[in-house]
Asks: 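Submitted below is the structure of interest, expressed as structure tokens.
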Amino acid sequence: MSKALINKLCIVGVGLIGGSLARALKKAGAVNTVVGAGRDETHLEKARTLGVIDEWQTDIGEAVQGCDMVVLAVPLGAMQQVFAQIAPHIADDMIITDVGSAKASVVEAARAVFGSLPATLVPGHPIAGTEKSGVEASFAELFQNRRIIITPLETSEQSAVQKVEYMWQACGAEVVHTSIEHHDEVLAATSHLPHMLAYALVDTLARMDARTEIFSYAAGGFRDFTRIASSDPDMWHDICLANRDALLKMLHRFTADLQQLSKAIENNDSDYLKETFARAKKARDEFCDG
Ligand code: NAP
């Protein structure tokens, strides 16, 4: 067998992110064998027939045995349970990483299971995704030219950090490092808050009597703004609770700004409205051009 970056990879949770990672690594020739692990035999067999994984196991402890890399790509609410399932089977040279959208909760889950954290544990989060779920939605190019944040721990061995970096680089991604706290605050602002706004807006409209007419007039702008409200409700339930403090801070700040906007409309405060819209347009234009 050729010398690939990873000899035997276990992906626990072969959905959109886990499936896309497996596809990208296979396409790059960076892995010899991919073992899929999950709860549902039908999903895993589907992943195998699609060529995303080579073999599968519903016993997660069995699945990780003999693997040099294990990636947890399950919902945040399932992380602790999966850590507990793999704990008795971890070998010294087995690198463990995850793709969870919030990081402090994953480390807490690991600490609850392991006590002292394994030196081969390197948390991560790909800043890439879609509103779709499941292995059928996965594709090899998902991480191409996208950022992957890794949040190495004080306990993480340098060689493990490096191998996780190489894995994502093999998928065409750019790897950046941040602290866990910084990751969770930034993601609350750039991803978690916008998902709350999209869900809240669509739900408000969906509960109005005139909803059929409202949605029939929904054009491009509304579709763009609300696309992420089609994301998996269970996954977003987990993210909200996992990143509770940072998300609440952003929601309170945004609610106060929205109240100001509402007051400006009530008071016909043209200056406030024009200044707010101009400042936002400038920021959006610069961010898109950049
Ligand atoms: P997904 O498509 O729904 O895949 C999740 C997978 O986890 C499924 O294959 C599911 O398989 C498996 N699973 C669920 N509970 C499990 C359990 N208790 N034990 C074992 N397997 C379990 O979700 P995803 O979008 O790939 O998200 C996975 C992770 O990536 C989440 O932590 C999310 O925060 C993170 N993430 C998502 C995005 C995004 O845009 N979607 C972006 C970045 C990071 P079975 O049902 O067959 O068990």
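In each ligand, atom 1 is the first atom listed, and ligand 1 is the first ligand listed.
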Asks: For atom 36 (N) of ligand 1, which of the options Gly38, Gly77, Ser101 provides the nearest non-hydrogen atom?
Replies: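 It is Ser101 that holds the nearest heavy atom.
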
Asks: Would you indicate which of Ile60, Ile127, Val99 comes nearest to atom 30 (O) of ligand 1 when only heavy atoms are counted?
Replies: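 The nearest heavy atom belongs to Val99.
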
Asks: With heavy-atom distances below 4.0 Å as the criterion, list the atoms of ligand 1 near Gln81.
Replies: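 Ligand 1 atoms under the 4.0 Å threshold to Gln81: 18 (N).
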
Asks: At a 4.0 Å threshold, what atoms of ligand 1 neighbour a non-hydrogen atom of Ser133?
Replies: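 It comes down to these atoms of ligand 1: 2 (O), 3 (O).
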
Asks: How close does the nearest protein non-hydrogen atom get to atom 7 (O) of ligand 1, and which residue and atom is it?
Replies: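 I find the closest protein heavy atom is Gly13 CA, 3.4 Å.
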
Asks: To check your reading of the model: name the closest protein heavy atom to atom 4 (O) of ligand 1, its residue, and the distance in Å.
Replies: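 Nearest protein contact, heavy atoms only, for atom 4 (O) of ligand 1 is Gly15 CA, 3.3 Å.
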
Asks: Should the proximity of Ala73 to ligand 1, defined as any heavy atom under 4.0 Å, be assigned to the side chain, the backbone, both, or neither?
Replies: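 For Ala73, the contact with ligand 1 is made by the backbone alone.
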
Asks: Is ligand 1 less than 4.0 angstrom away from at least one heavy atom of Ala128?
Replies: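 Checking ligand 1 against Ala128, which is what was asked, there is a heavy-atom contact under 4.0 Å.
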
Asks: Taking 4.0 angstrom as the limit, do Glu185 and Lys249 come out as a salt bridge?
Replies: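 Yes.
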
Asks: Got a sec: does the NE2 of His177 have more than 12 other heavy atoms crowding it under 6.0 Å?
Replies: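 Yes, because the 6.0 Å sphere around NE2 of His177 holds more than 12 heavy atoms from other groups.
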
Asks: Have a look at ligand 1 and work out which part of Glu131, if any, has a heavy atom under 4.0 Å from it: side chain, backbone, both or neither.
Replies: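 Neither part.
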
Asks: Just which atoms of ligand 1 are under 4.0 Å from any heavy atom in Leu76?
Replies: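 This gives 32 (O) as the contact atoms.
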
Asks: Please state which protein non-hydrogen atom is closest to atom 46 (O) of ligand 1 and give its distance, to 0.1 Å?
Replies: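 Result: Arg39 NH2, 2.8 Å.
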
Asks: Looking at Asp54 and Lys26, does any basic side-chain N land under 4.0 Å from a carboxylate oxygen?
Replies: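 Between Lys26 and Asp54 there is a salt bridge, with a charged N closer than 4.0 Å to a carboxylate O.
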
Asks: Output yes when Glu45 and Arg48 qualify as a salt bridge under the 4.0 Å nitrogen-oxygen rule, no when they do not.
Replies: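 Between Arg48 and Glu45 there is a salt bridge, with a charged N closer than 4.0 Å to a carboxylate O.
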
Asks: Any donor-acceptor pair under 3.5 Å linking the side-chain atoms of Asn7 with those of Asn32?
Replies: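 Their side chains do contain a donor-acceptor pair, which is all the 3.5 Å distance test asks for.
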
Asks: Which ligand 1 atoms does His125 reach within 4.0 Å, using its non-hydrogen atoms?
Replies: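 Near His125, the atoms of ligand 1 are 43 (C), 44 (C).
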
Asks: So, regarding His43 and ligand 1 (criterion: nitrogen or oxygen to nitrogen or oxygen, under 3.5 Å), is there a contact or not?
Replies: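 It does: an N or O of His43 is found under 3.5 Å from an N or O of ligand 1.
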
Asks: Looking at Glu141 and Arg23, does any basic side-chain N land under 4.0 Å from a carboxylate oxygen?
Replies: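 Looking at Glu141 and Arg23, the cut-off is not met.
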
Asks: Which residue holds the protein heavy atom closest to atom 39 (C) of ligand 1, what is that atom called, and what is the gap in Å?
Replies: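 Checked against all protein heavy atoms, atom 39 (C) of ligand 1 sits closest to Met235 CE, 3.8 Å.
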
Asks: Under 3.5 Å, N or O to N or O, is Ile17 touching ligand 1 that way?
Replies: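 The answer is yes, given that Ile17 and ligand 1 share an N or O pair closer than 3.5 Å.
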
Asks: If we only count N/O pairs under 3.5 Å, is Asp232 in contact with ligand 1?
Replies: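 The answer is no, given that Asp232 and ligand 1 share no N or O pair closer than 3.5 Å.
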
Asks: Taking distance alone, with N or O pairs closer than 3.5 Å, would you say Val12 contacts ligand 1?
Replies: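 Among all N and O atoms of Val12, none is under 3.5 Å from an N or O of ligand 1.
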
Asks: Donor-acceptor pair, distance only, cut-off 3.5 Å: does the side chain of Ser156 make one with the backbone of Leu121?
Replies: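 Flag set: sc Ser156 to bb Leu121 pair under 3.5 Å.
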
Asks: Under 3.5 Å between some N or O of ligand 1 and some N or O of Leu16?
Replies: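 Between Leu16 and ligand 1 (N or O atoms, distance only) the closest approach is under 3.5 Å.
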
Asks: Under 4.0 Å from a heavy atom of Thr130: give me the atoms of ligand 1 that qualify, with their elements.
Replies: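 Reading through ligand 1 atom by atom, the close ones are 40 (O), 41 (N).
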
Asks: More than 12 foreign heavy atoms under 6.0 Å from CZ of Phe215: is that the case here?
Replies: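 Atom CZ in Phe215 is packed in, count exceeds 12.
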
Asks: Can you find an N/O atom of Val74 closer than 3.5 Å to an N/O atom of ligand 1?
Replies: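 Among all N and O atoms of Val74, at least one is under 3.5 Å from an N or O of ligand 1.
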
Asks: Taking the six-membered ring where the residue is Trp, are the ring centres of His43 and Trp56 under 6.0 Å apart?
Replies: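 His43 vs Trp56: aromatic centres not under 6.0 Å.
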
Asks: Answer yes or no: is there an ion pair linking Lys263 with Asp269, defined by an N-O contact shorter than 4.0 Å?
Replies: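 The answer is no: the pair does not qualify as a salt bridge.
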
Asks: For atom 40 (O) of ligand 1, which protein heavy atom lies nearest, and how many Å away is it?
Replies: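 Minimum-distance protein heavy atom for atom 40 (O) of ligand 1 reads Gly129 CA, 3.2 Å.
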
